[in-house]
Amino acid sequence: MRQTSGRHTIFALSSGQLPSGVAIVRVSGPDTGLVLLQLAGQIPVPRRAALRRLTASDGRVLDTAVVLWFPGPASFTGEDCAEFQCHGGQAVVAALLKELAQIEGCRLAEAGEFSLRAFTNGKVDLTQLEALSDLIGAETETQRALAVAQAGGSQRLLYTRWRADLLRARAYIEADLDFSDEDDVPGSVVGAVIPIVTGLAAEVALHLETAAQAEIIRDGFRVVIAGPPNAGKSSLLNTLANRDVAIVTHIAGTTRDVLDVHLDIFGVKIIVSDTAGLRKTSDIIEQIGIERAHLAMARANLVLVLSEDGPMALEISTPFWLVKSKCDGLEVASSGFDFAISSHSGRGIEALMNAIGEMAQSSVGNYSDGLFVSRARHVALLRGAEKALLRFLALSAESVEFGAEELRIASDALGGITGVIGVEDVLGAIFSTFCIGK
């Protein structure tokens, strides 16, 4: 069971895999000052690095380390915190962790427990913590930039403003119900509340449209290579990956499954998939591969339709480019093709990759403000809020007072995103994605 009590002082290696040049061991909790006294001999000046000799309880010198002291609440967790920046040898870190474990009241932190304490102590909200998790796992520039913007609190400010608008609308209704016997002007509640809810519903709907863009940033822009057997699909995949991912032979039907490689083009994560050659066949295994190829094309953001001869016609709704393959000579591509390439000589490959990168960049749009719906949990709660707002707006003017419950549902959904209310059931799922020491 996850321990969330601040009564224990927790510690963990927070700097990653050993060995390394420097290892950072983080400590947080009420006994952090005592830990510093026992190991370093004194408590340094707050937030100022100090070089100290770390000594075990039996007098052994463990290491010489840079020590930092962050008294709460001005720390990441909101508690007293410290960092030991020691040498990154496995034996050094093991000795330090062992010594910490022997100090009364100290224990090894669980995954994400430092971040959980930061949330519990009001230092950050759930959207910022989820963004921090995304930042740690960022593979591309777009993922990093979006995570940095969201970790800065852009989402929290937006959802907090929306929730404040809903609370104001609910207050109008509650006041009207409480003072219905007063000489208020009939319809005053409708005039005050309807514009608020109408504007908010429109903002939520527009915000939800960013989910598709955020999905591309997080999960990748999907490019599927399709075409008949021996059209050069696997060779193109290997060329783009700059390594032998797929088996290439002159035998038709060599590729039976979908093979993926992950690329970083213009800072966007690109997932390129090689698929089985499209043809009629009696081979059951190959038929399955072709079915998977069609599924991959349906889910793709872009399909590259390769053909060595004339352009191949495909009935798909996914955007596609016709690519003439195996253009090893100087001949001009036949009309009807968008690109002409040669995986052997490299002809046209750079132009094709640049075009893919530009399309991917265009698909993600402007994400610099961080106001993208980047998690499925957020999408579900926002859709619930939107439905509640629309149900409220569907009420007649005479029944607006009875719509207070719908506004409460919408308000609670927004509060669930930031962690204001009703988050107990999602805390475990969120913090389990963090590593020990974070």
Side-chain angles (χ1 to χ4, degrees), residues 1-18 20 22-44 46-47 49-50 52 54-57 62-63 65-88 90-126 128-133 135-137 151 419 423-424 426-438:
M1 178 177 293
R2 179 175 293 277
Q3 302 180 52
T4 58
S5 172
R7 291 176 296 179
H8 288 93
T9 295
I10 57 174
F11 63 88
L13 173 68
S14 63
S15 56
Q17 188 174 3
L18 302 176
S20 59
V22 175
I24 300 175
V25 174
R26 175 181 288 175
V27 181
S28 178
D31 294 325
T32 301
L34 176 63
V35 169
L36 285 170
L37 287 172
Q38 289 192 217
L39 288 176
Q42 58 181 309
I43 299 177
R47 288 169 292 280
R52 293 288 183 268
L54 305 183
T55 306
S57 58
L62 300 175
D63 193 16
V66 173
V67 179
L68 289 163
W69 161 240
F70 305 97
S75 69
F76 173 69
T77 63
E79 304 173 332
D80 288 347
C81 290
E83 285 187 3
F84 297 96
Q85 300 181 7
C86 59
H87 293 93
Q90 294 181 349
V92 173
V93 174
L96 178 54
L97 295 179
K98 182 179 180 181
E99 192 65 27
L100 285 167
Q102 292 175 354
I103 299 176
E104 185 176 356
C106 293
R107 64 168 174 83
L108 185 66
E110 298 181 19
E113 191 168 2
F114 288 93
S115 297
L116 177 57
R117 290 191 178 192
F119 168 72
T120 303
N121 293 326
K123 303 298 291 185
V124 290
D125 77 319
L126 288 186
Q128 290 173 288
L129 285 176
E130 288 170 320
L132 181 59
S133 176
L135 184 59
I136 293 172
V423 297
E424 291 79 7
V426 299
L427 286 179
I430 291 174
F431 289 107
S432 65
T433 64
F434 283 81
C435 57
I436 300 292
K438 195 62 184 179

Nearest-0.5 Å distance that lies between atom [atom1] in [X] and atom [atom2] in [Y]:
X	Y	atom1	atom2	result
F11	L97	CZ	CG	6.0 Å
S14	E83	OG	CD	6.0 Å
R52	Q85	CZ	CD	13.5 Å
S133	L126	OG	CG	12.0 Å
L13	L100	CG	CG	11.0 Å
F70	S75	CZ	OG	8.5 Å

Flag side-chain contact, heavy atom, 4.5 Å: [X] against [Y]:
X	Y	result
L18	V92	no
D31	I103	no
F84	I24	no
E79	N121	yes
E113	H8	no

Please find the pair of heavy atoms, one from [X] and one from [Y], that lie closest to each other, and give the distance.
X	Y	answer
V67	A40	CG2-CB, 4.5 Å
L62	A95	CD2-CB, 4.0 Å
L36	A82	CD2-CB, 3.9 Å
Q42	L37	CA-CD2, 3.7 Å
A23	G88	CB-CA, 3.7 Å
A131	A151	CB-N, 3.4 Å

- Might you work through the side-chain contact (heavy atoms from CB on, under 4.5 Å) test for L96 and D63, ending with a clear yes or no? CA-CA 8 Å; L96 178 54; D63 193 16; over 6 Å; no
The criterion is side chain to side chain contact (heavy atoms under 4.5 Å, CB included); which residues satisfy it with [X], sequence neighbours excluded?
X	answer
A49	V66, L68
D125	T127, Q128, R156, T418
P71	P46, R47, W69, D80

- Query: Within the side chain of K123, is there an N or O that forms a donor-acceptor pair under 3.5 Å with the backbone of R117?
  - Reply: no
- Could you tell me whether the side chain of Q38 and the main chain of S57 form a donor-acceptor pair under 3.5 Å? no
